[in-house]
K.L.:
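One structure coming up, written as structure tokens, with questions to follow.
Side-chain atoms are counted along with the backbone in the values below, which use heavy atoms only and exclude waters and symmetry mates. Here the structure is a predicted model, which is why all the values come from computation and not from measurement.
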Amino acid sequence: QVQLRETGGDSVQVGGSLTLSCEAFKYRDGINCMAWFRQVPGREREGLASIPTTGTGEYKYYANSVKGRFAISQDGVKNTIYLQMNNLTPEDTGVYYCATRQGSYCRGGAPEPSFFPYWGQGTQVTVSS
């Protein structure tokens, strides 16, 4: 069974930057989709970004709230995806989760939680003035 572990969450000042990592274990290379989500208490889990782990020609999805500030990338050798976050604001505070679905490219548009059967434990990001 696939296991994911997020690291890199921290407390930062407004305007700061963080890079989150998500390492996949027991993960078979191939056609897969990986994504980053953010959970804020009292709100639905929001899909922030997604990336296919193989192939070319597919776009990286970014939510409007993070487009231009966040960047998703992947390292196939390390079975790891990253989320580089810049110009952080208090609204970026939350628990960040990575998720994956094997055997499928990412769907168009925002990633939906129900599409992903495997999830990490989450990592807390807190942005303060």
Side-chain angles (χ1 to χ4, degrees):
Q1 185 178 36
V2 175
Q3 297 179 355
L4 306 175
R5 190 180 78 167
E6 306 96 335
T7 57
D10 204 351
S11 296
V12 299
Q13 297 291 100
V14 170
S17 298
L18 283 175
T19 298
L20 307 182
S21 300
C22 175
E23 186 176 7
F25 302 89
K26 300 180 182 179
Y27 198 81
R28 186 170 67 87
D29 294 339
I31 302 172
N32 308 293
C33 178
M34 299 194 74
W36 285 99
F37 290 80
R38 180 170 62 208
Q39 180 74 62
V40 178
R43 299 182 181 180
E44 295 183 355
R45 189 167 296 186
E46 179 185 13
L48 303 178
S50 64
I51 186 172
T53 58
T54 63
T56 59
E58 291 192 53
Y59 61 85
K60 299 175 182 179
Y61 170 83
Y62 293 101
N64 289 336
S65 60
V66 305
K67 190 173 184 178
R69 299 190 298 120
F70 291 10
I72 188 171
S73 61
Q74 64 98 18
D75 185 328
V77 175
K78 297 181 179 180
N79 288 328
T80 300
I81 63 167
Y82 305 91
L83 186 67
Q84 182 180 336
M85 306 184 295
N86 302 313
N87 303 123
L88 288 164
T89 74
E91 291 192 353
D92 293 317
T93 294
V95 179
Y96 285 70
Y97 296 89
C98 67
T100 188
R101 183 184 182 95
Q102 295 187 96
S104 177
Y105 290 111
C106 299
R107 291 179 174 178
E112 300 177 356
S114 61
F115 183 67
F116 298 90
Y118 301 106
W119 295 79
Q121 83 289 345
T123 186
Q124 176 71 43
V125 172
T126 302
V127 185
S128 302
S129 299

K.L.:
Just so I know, are the side chains of T93 and V40 near enough to count as touching, which here means a heavy-atom distance under 4.5 Å?
P.N.:
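No, side chains not in contact.
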
K.L.:
Name all residues meeting the ring-ring contact (aromatic ring centres under 6.0 Å, His included) criterion together with F116; count only those two or more places apart in sequence or in a different chain, and write none if there are none.
P.N.:
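Counting only residues at least two positions away or on another chain, F116 forms a ring-ring contact (aromatic ring centres under 6.0 Å, His included) with F37.
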
K.L.:
Which pairs pass side chain to side chain donor-acceptor pair (under 3.5 Å) with one or both residues in residues 7-24, sequence neighbours excluded?
P.N.:
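For residues 7-24: S17-N86.
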
K.L.:
Can you name the residues that form a side chain to side chain contact (heavy atoms under 4.5 Å, CB included) with A24, not counting sequence neighbours?
P.N.:
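A24: side chain to side chain contact (heavy atoms under 4.5 Å, CB included) contacts with L4, Y27, N79.
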
K.L.:
Sequence neighbours left out, what pairs pass disulfide bond (SG atoms under 2.5 Å apart) with at least one residue falling in residues 1-40?
P.N.:
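Residue pairs passing disulfide bond (SG atoms under 2.5 Å apart), neighbours aside: C22-C98, C33-C106.
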
K.L.:
Can you give me every donor-acceptor pair (side chain of residues 41-48, partner residue at least two apart or in another chain, under 3.5 Å) with its distance?
P.N.:
{"residue": "R45", "atom": "NE", "partner": "Q39", "partner atom": "OE1", "Å": "3.0"}
{"residue": "E46", "atom": "OE1", "partner": "R38", "partner atom": "NH2", "Å": "3.3"}
{"residue": "E46", "atom": "OE2", "partner": "S65", "partner atom": "OG", "Å": "3.3"}

K.L.:
Any sub-3.5 Å donor-acceptor pair from E6's side-chain atoms to L20's backbone N or O?
P.N.:
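No: the side chain of E6 does not pair with the backbone of L20.
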
K.L.:
Passes side chain to side chain contact (heavy atoms under 4.5 Å, CB included), V125 versus M85? Steps please.
P.N.:
CA-CA 10 Å; V125 172; M85 306 184 295; 4.0 Å; yes

K.L.:
Measure the spacing between CE of M34 and CD1 of I51 and express it to the nearest 0.5 Å.
P.N.:
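That separation rounds to 9.5 Å.
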
K.L.:
Quick check: does any side chain N or O of S104 sit under 3.5 Å from a backbone N or O of R101, one acting as donor and the other as acceptor?
P.N.:
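Such a contact is absent between S104 side chain and R101 backbone.
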
K.L.:
T89: which residues meet the side chain to side chain contact (heavy atoms under 4.5 Å, CB included) condition with it, sequence neighbours left out?
P.N.:
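Testing T89 for side chain to side chain contact (heavy atoms under 4.5 Å, CB included), a comparison that skips the adjacent residues, returns R69, E91, D92.
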
K.L.:
Is W36 close to S50 at the side-chain level, that is, under 4.5 Å between some pair of heavy atoms?
P.N.:
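Sidechains of W36 and S50: no contact.
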
K.L.:
Once side-chain hydrogen bond (donor to acceptor under 3.5 Å, both in side chains) is applied, do any residues pair with Q124, and if so which ones, sequence neighbours excluded?
P.N.:
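Partners of Q124 by the side-chain hydrogen bond (donor to acceptor under 3.5 Å, both in side chains) criterion, ordered by chain and then number, come out as T126.
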
K.L.:
Provide the full list of salt bridge (charged side-chain N to carboxylate O under 4.0 Å, His left out) pairs with a residue in residues 113-127, sequence neighbours left out, each pair given once.
P.N.:
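Found none.
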
K.L.:
Should L88 and F70 count as side-chain neighbours, where that means a heavy-atom distance under 4.5 Å?
P.N.:
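Yes - at least one pair of side-chain heavy atoms lies under 4.5 Å apart.
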
K.L.:
Return the set of residues passing side chain to side chain contact (heavy atoms under 4.5 Å, CB included) with K78 (not counting sequence neighbours), or none when no residue passes.
P.N.:
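D75, T80, Y82.
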
